[in-house]
Amino acid sequence: MIAAALSVRDIGWSPPGGPPILRGIGFDLAPGRLLGVVGANGAGKSTLLRMLYRFHRPEQGVVALDGRDIWRLSARDTARRVAVVLQEQPTDFALTVREIVALGRTPHRRGFAGGGAYDAAVVARAMARLDLAGMSERALGTLSGGEKQRVMVARALAQEPGLLILDEPTNHLDIRHQLEVLALVRGLGITVVTSLHDLNLATGLCDDVLVLAGGRALAFGPPGRVLNETLVARAFDVAARRERLEPSGTPHFTFHLHGSERIRSMSRLILSLPLSLMAVQTMAQDYPVTVQSCDRSVTFDAAPERAVSNDVNLTEMMLVLGLTDRMVGFTGINGWNKLDDEMRAGVAELPELAERYPSREVLIGAEADFYFAGWNYGMRVGGEVTPETLAPFGIAVYELSESCTHIMDKPKASLDDMYADILNLGQIFGVPDRAEALVAGWRDEIEAITADVEPGAGPRVFVYDSGEDTPFTAGRYAMPTALIEAAGGTNIMDDFEKSWATVGWEDVIARDPEVIVIVNYGDVTAEQKRDFMRSNPAFADIAAVRNDDFVTLEYVAATPGPRNIEAVRTLAAAFADAAGTP
C-alpha cells in the first residue's frame with residue numbers, strides 16, 4: 001500500500017433543489033497522515049466523506065488524489081486507490097466473514113477471475129489484524145454490530161488502498177476495539193480520513209483534525225493546536241473543558257450542557273431583583289414583533305437562535321434574561337480586560353469570537369442571526385460592521401440605546417435607556433414577562449435607594465475613564481451622567497455634547513469636581529489612576545483630590561446594564577460621605 005496525497009480545493013455540495021450542505025471546504029493532507037473530521041450532528045461530516053470517495057460530485061471545487069481529480073479517474077482506478085467503511089452496513093449477505101473480506105480484492109481482479117495466492121495472503125493478514133481469524137466461516141448475519149464493523153474494516157484493508165475513508169468506524173465497537181481499530185489504521189502507513197464523534201479519540205490518535213459546523217470548516221490542523229475549549233464550545237454548542245490526564249499528560253475533554261448552573265451563577269449580579277420575581281413564568285411571545293433600534297424599526301418573525309453580543313455590559317443583559325442557550329458567543333471583552341470574577345463565571349460556557357471588535361467575517365463564520373452591539377460598542381459609523389452591512393447575510397442588529405447619539409439626536413442619558421434595551425430584548429427573544437419583571441424590580445430598587453436623595457443637591461462629579469495627557473470622560477449622553485444624577489450629583493461635563501470623549505485637564509480643574517468617579521478596566525488599574533491624580537501638583541487644589549473623595553465603578557457598572565442599579569447605590573453612599581452626612 002502506497003499512501004496517497006489528498007488535496008481538497010473549495011468544494012461545496014447541495015441536494016437537488018435544496019440548500020447547501022457544504023460550502024467552501026478546503027485542505028491538504030500529506031501522505032500517511034490520519035485526519036479526523038469532527039463536528040456536531042448535521043455539520044456535514046458524512047457529506048464530505050461522500051465527496052471524497054466519489055459518491056457526491058462537487059458542485060464546485062476539486063478533490064484530487066496524488067494531484068489528479070478523482071472525477072477524471074475511472075471508477076476502477078478510484079476503487080483501487082480509495083477504500084471506504086460506512087456507518088451502516090447490509091446485514092443479509094449470505095457470505096462468510098472470509099468471503100466478505102475477500103471482496104476487498106475485487107478492484108484488483110479482471111472480470112470474474114478468482115483470487116490467487118497473493119489475494120489469499122492479503123485477506124488472511126487483514127482478518128488477523130482485526131482479530132477475525134476465529135470467525136472466518138461464520139455468516140455475517142450471526143455477528144454483533146461491533147464484529148460486523150471489524151469485518152468491513154478488514155475488507156477495506158484487503159483492498160490495499162492509498163486512502164482509507166471511515167465514516168464513524170468506532171460507532172459499534174467497545175472501548176478496547178475502538179482503540180485497536182484506530183491504532184491499527186494509524187499504523188498502516190497510508191492516508192486515512194475518518195469522521196469521529198469522540199474528541200478524546202481524535203485528540204489522542206489523529207495527526208490532523210478538520211472541525212465542521214453548519215457545513216463550513218471552522219479549523220484544520222494538529223489537534224493540540226486546533227481543539228481548544230473555545231472552538232469546541234462553538235462547534236458543539238456545549239461548555240468544554242480541556243485538562244491533562246495524570247501521569248500521562250494526555251489532553252482530555254469533559255463537557256456539560258449550557259444552562260442552569262451557569263445561569264444560576266448570574267443571580268449574584270442582580271442584587272436588586274426581589275426574590276419573588278425569580279418565579280415569574282415566561283409566556284409565549286406572538287410573532288412577528290417590531291422594536292425600535294435607534295432610528296430603525298426592526299421586525300423579527302421569530303426569536304433569534306444564534307445571537308452574538310459585544311462588550312461585557314451588553315453580554316450581561318443577555319445573561320440576566322436567561323438567553324445563553326440562544327447565543328453562539330460574545331465579542332469585545334478580553335481585549336480590554338473587562339472581565340471580573342462574576343462575569344467570568346457567567347460567560348464561561350460561551351466562546352469569545354473576537355477579543356475586540358469583530359469583523360464581518362467573524363460574525364458570518366459563526367452563523368450568527370443576531371448581533372447586539374452599539375455605536376462604539378462593537379460598531380463604528382461607516383465601518384465594516386453595521387446593520388446595513390450585516391443585513392445581506394441574515395444577521396439582524398439591535399443597537400444599544402445609549403449609543404444612538406452617534407447617529408441621531410436623542411435626549412441625555414437616562415436609566416430608561418437601559419430599561420428600554422432590556423424590554424426590547426425581551427420582545428425580540430420571546431421573554432417579555434421576564435424582562436418586565438426585571439425592569440419593575442430595578443425601578444422599585446432605584447426608588448428605595450434614592451428616597452432620601454434631593455435631585456441636584458449632591459456634589460459636582462468628574463468621571464475619569466482613562467488617559468493622562470487628555471482624560472477620556474463621560475459627557476451628557478453617557479450612562480454615568482444618568483447614574484450620577486440618580487444619586488443626587490451633577491456631572492461637571494453635563495454640558496459636553498458627547499457620549500464618551502476626551503476633554504482638557506484645564507476644564508476639569510476649572511470646574512473643580514468634589515468627587516471623582518474612576519472607571520476600572522484595562523491595563524491601568526483604578527489605584528494607578530487615583531495615584532496619578534494625587535501625585536500631580538496640577539490637581540492639588542481640586543476639591544476631590546484635596547479631600548481624597550474618589551469612588552470606583554467597574555466598567556460593567558458604569559456602562560448600560562444590570563449593574564447600573566448597584567452603581568447608583570454606590571454613588572449615593574459615596575456622595576453622602578463626601579458631604580459629611582451619616
Only one of V84, L157, T194 clears side chain to side chain contact (heavy atoms under 4.5 Å, CB included) with L164; which? L157
Quickly, which of D207, L35, L166 forms a side chain to side chain contact (heavy atoms under 4.5 Å, CB included) with V192? Name it, please. L166
Could you check whether any side-chain heavy atom of [X] comes within less than 4.5 Å of a side-chain heavy atom of [Y], counting everything from C-beta outward?
X    : Y    : answer
R234 : L353 : yes
P387 : Y371 : no
E399 : F372 : no
F220 : V209 : no
I407 : V381 : yes
T389 : R360 : yes
L199 : F236 : yes
Q159 : T106 : no

Going by an N to O cut-off under 4.0 Å, is there a salt bridge joining E229 and R241?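 No, this pair does not count.
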Residues R80 and E160 bridged, charged N to O under 4.0 Å: no
Quick one: does any side-chain atom of [X] pair with a main-chain N or O of [Y] as donor and acceptor, under 3.5 Å?
X    : Y    : result
N200 : F253 : yes
K45  : L212 : no
S195 : V37  : no
R98  : E137 : no
R125 : A158 : no
D66  : A5   : yes
Y398 : F370 : no
R23  : G214 : yes
S403 : G374 : no
T191 : A4   : yes

Quick one: [atom1] on [X] to [atom2] on [Y], what's the gap to the nearest 0.5 Å?
X    : Y    : atom1 : atom2 : value
T78  : L163 : OG1   : CG    : 10.5 Å
L65  : R72  : CG    : CZ    : 15.0 Å
I25  : M51  : CD1   : CE    : 8.5 Å
L321 : I422 : CG    : CD1   : 4.5 Å
W71  : L73  : CH2   : CG    : 11.0 Å
L400 : N424 : CG    : CG    : 11.0 Å

Work out which heavy atom in [X] is nearest to a heavy atom in [Y]; give both atom names and the distance.
X    : Y    : result
R296 : V397 : NH2-O, 2.7 Å
Q427 : Y287 : O-OH, 3.8 Å
P288 : T299 : CB-CG2, 3.8 Å
T386 : G383 : CG2-O, 3.6 Å
V289 : D286 : CG1-O, 3.1 Å
A307 : M318 : CB-CE, 3.9 Å

Contacts of V328 that satisfy side-chain contact (heavy atoms from CB on, under 4.5 Å) - sequence neighbours left out: R306, V308, A366
Which residue is it: N310, D311, T315? I am looking for the one with a side-chain hydrogen bond (donor to acceptor under 3.5 Å, both in side chains) to T331.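 In the set N310, D311, T315, the residue that makes a side-chain hydrogen bond (donor to acceptor under 3.5 Å, both in side chains) with T331 is N310.
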Can you establish whether the number of heavy atoms outside F55 located under 6.0 Å from its atom CZ is more than 12?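 No, because the 6.0 Å sphere around CZ of F55 holds 12 heavy atoms or fewer from other groups.
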For R138, I'd like to know if atom CZ has over 12 heavy atoms of other residues, nucleotides or ligands within 6.0 Å. yes
Between Y377 and N313, do the side chains contain a donor N or O and an acceptor N or O under 3.5 Å apart? no
Worked verdict on L227 versus V232 for side chain to side chain contact (heavy atoms under 4.5 Å, CB included): CA-CA 6 Å; L227 293 180; V232 170; 4.3 Å; yes
Evaluate V123 against M127 for side chain to side chain contact (heavy atoms under 4.5 Å, CB included), listing each step before the verdict. CA-CA 6 Å; V123 169; M127 292 178 61; 4.0 Å; yes
Could you go through the side chain to side chain contact (heavy atoms under 4.5 Å, CB included) check for M152 and I100 one step at a time? CA-CA 8 Å; M152 295 306 168; I100 291 172; 4.2 Å; yes
Could you go through L52 and V8, starting from their C-alpha distance and side-chain angles, then the distance that decides it, and tell me whether this counts as side chain to side chain contact (heavy atoms under 4.5 Å, CB included)? CA-CA 9 Å; L52 299 185; V8 175; 3.8 Å; yes
Going by side-chain hydrogen bond (donor to acceptor under 3.5 Å, both in side chains), name the pairs with one or both residues in residues 50-59, residues two or more places apart or in two chains.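 Sorted pair list: S14-E59.
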